[in-house]
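One structure is given below, encoded as structure tokens.
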Amino acid sequence: MNCFIYIVTTLFLINGCASPSKLSTWTPPNKSYTTPNKILVVGIVHDSLIEIRKNVEDYFVQALKTMGYNAEPALEAFGNKALARFDQEQTYLNLCSQGIDAVLTIALLNEKKATQYHDPQARKNTSSYYYNRILNYKSIRARPKDHIDPPPDQLQFLWEAILFNLSTLTPIYWAQSQPFSPASTTQNHETYSRIIMNSLQKQKVLNKRFLARL
């Protein structure tokens, strides 16, 4: 089997007066990866936040197309539930058969659950770590009602993005926003979308490509 779906992602948000430019990122030290040709953008949020997912996917798709990449939003291509079970082999093969060689995931996570989650079998910043991370997104993603009856330490959300190259089965970019108040989720995702897209370009993970003239 040549392909597995490793996705990633996420982006953004401002925590009160905190600077939105504060973004933690990681890229492979050798950066010997192949530039992807077709990128699937997958927003991973609670079902009740479908509009935010659509906005996020559409933003990145348009930004990637402007740079010369062939990009597609998962919501439009596969619907809301089609990629819910990332461990299905048929899903991986389906992506490969459509020429998709990279997946960018943008996930809205519960900061406390995301921090506590740790797979002892996977060392951070390895392919297996990010693969298992994505498989656990369903259990650590943020829910709109999480802020009701919050724990003693104030509940916060965060955005996390992963760009995974399917042809080499390796992560080529990871980013995580600073934690922020759940109340700001619907207000600043566009800001962090731009920050992550700028980061991808600044670190030369994605470079502008020449558009072919017809």
Side-chain angles (χ1 to χ4, degrees), residues 1-12 33-109 127 130-142 159-175 185-186 189-190 192-194 196-197 199-201 205-209 211-212 214:
M1 183 170 58
N2 294 324
C3 291
F4 290 87
I5 183 172
Y6 294 81
I7 19 193
V8 209
T9 144
T10 74
L11 19 88
F12 22 81
Y33 47 79
T34 302
T35 302
N37 291 309
K38 187 174 182 180
I39 303 173
L40 181 71
V41 180
V42 185
I44 302 175
V45 301
H46 191 269
D47 292 342
S48 63
L49 300 175
I50 191 70
E51 191 62 29
I52 288 181
R53 175 183 174 180
K54 183 179 185 304
N55 291 341
V56 167
E57 290 187 4
D58 288 348
Y59 172 83
F60 277 97
V61 166
Q62 185 57 49
L64 289 167
K65 286 183 175 180
T66 299
M67 292 181 65
Y69 289 92
N70 184 358
E72 189 173 17
L75 190 59
E76 180 179 311
F78 299 98
N80 189 32
K81 297 290 187 179
L83 294 176
R85 296 183 63 185
F86 300 123
D87 57 334
Q88 290 187 349
E89 179 178 340
Q90 188 57 46
T91 301
Y92 312 150
L93 297 178
N94 186 24
L95 294 179
C96 293
S97 68
Q98 297 188 41
I100 296 170
D101 55 5
V103 182
L104 173 63
T105 57
I106 313 295
L108 179 63
L109 306 179
S127 298
Y130 289 109
Y131 175 66
N132 284 283
R133 181 76 167 176
I134 292 166
L135 291 181
N136 281 273
Y137 271 160
K138 186 174 182 180
S139 61
I140 64 177
R141 66 179 178 173
W159 286 98
E160 185 171 275
I162 301 174
L163 178 61
F164 217 98
N165 192 312
L166 296 183
S167 62
T168 59
L169 305 181
T170 55
I172 58 179
Y173 177 82
W174 169 88
T185 303
T186 60
H189 62 277
E190 292 183 358
Y192 268 102
S193 295
R194 291 192 295 271
I196 287 185
M197 197 65 219
S199 172
L200 282 164
Q201 296 179 63
V205 176
L206 297 177
N207 297 306
K208 191 169 184 178
R209 309 174 73 184
L211 299 176
L214 299 179

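The residues of the chain are indexed from 1 along the displayed sequence. Below, each value reflects all heavy atoms present in this structure, side chains not excepted, and no hydrogens, waters or symmetry copies.
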Are the side chain of Tyr69 and the backbone N or O of Asn207 linked by a donor-acceptor pair below 3.5 Å? yes

Side-chain heavy-atom pair Arg53, Leu108 within 4.5 angstrom cut-off: no

On a heavy-atom basis, which atom in Phe60 and which in Ser193 lie closest, and how many Å separate them? CZ-O, 3.6 Å

Is it true that a side-chain atom of Lys38 and a backbone atom of Glu72 form a donor plus acceptor pair closer than 3.5 Å? no

Min side-chain heavy-atom separation Gln62-Thr66 under 4.5 Å: yes

What pairs meet the salt bridge (charged side-chain N to carboxylate O under 4.0 Å, His left out) rule with one or both residues in residues 100-109, with sequence neighbours excluded? none

Derivation of the side chain to side chain contact (heavy atoms under 4.5 Å, CB included) call for Ile196 and Tyr173: CA-CA 10 Å; Ile196 287 185; Tyr173 177 82; 4.1 Å; yes

Give the minimum heavy-atom separation between Pro73 and Leu40, together with the two atoms involved. C-CD1, 4.2 Å

Least distance between heavy atoms, Leu64 atom then Met197 atom: CD2-CE, 3.6 Å

Within the supplied structure, the quantity of interest is the number of heavy atoms (other residues, nucleotides, ligands) at a distance under 6.0 Å from Gln201 CD; does it exceed 12? yes

Does the side chain of Leu75 come within less than 4.5 Å of Ile50's, by heavy atoms? yes

Indicate yes or no: at least one non-hydrogen side-chain atom of Leu206 is less than 4.5 angstrom from one of Pro36. yes

Atom NZ of residue position Lys54 - does it have more than 12 heavy atoms of other residues, nucleotides or ligands inside 6.0 Å? no

Rounded to the nearest 0.5 angstrom, the CG-CD1 distance for Asn165 and Ile39 is 9.5 Å

With rounding to the nearest 0.5 angstrom, report the CG to CD distance, Asn55 to Glu190. 6.5 Å

Could you pull out the closest heavy-atom pair between Leu95 and Phe78, with the gap in Å? CD2-CZ, 3.5 Å

Give, for atom CZ of Phe164 and atom OG1 of Thr170, the distance between the pair rounded to the nearest 0.5 Å. 6.0 Å

Check against side chain to side chain contact (heavy atoms under 4.5 Å, CB included), Tyr59 and His189: CA-CA 10 Å; Tyr59 172 83; His189 62 277; over 6 Å; no

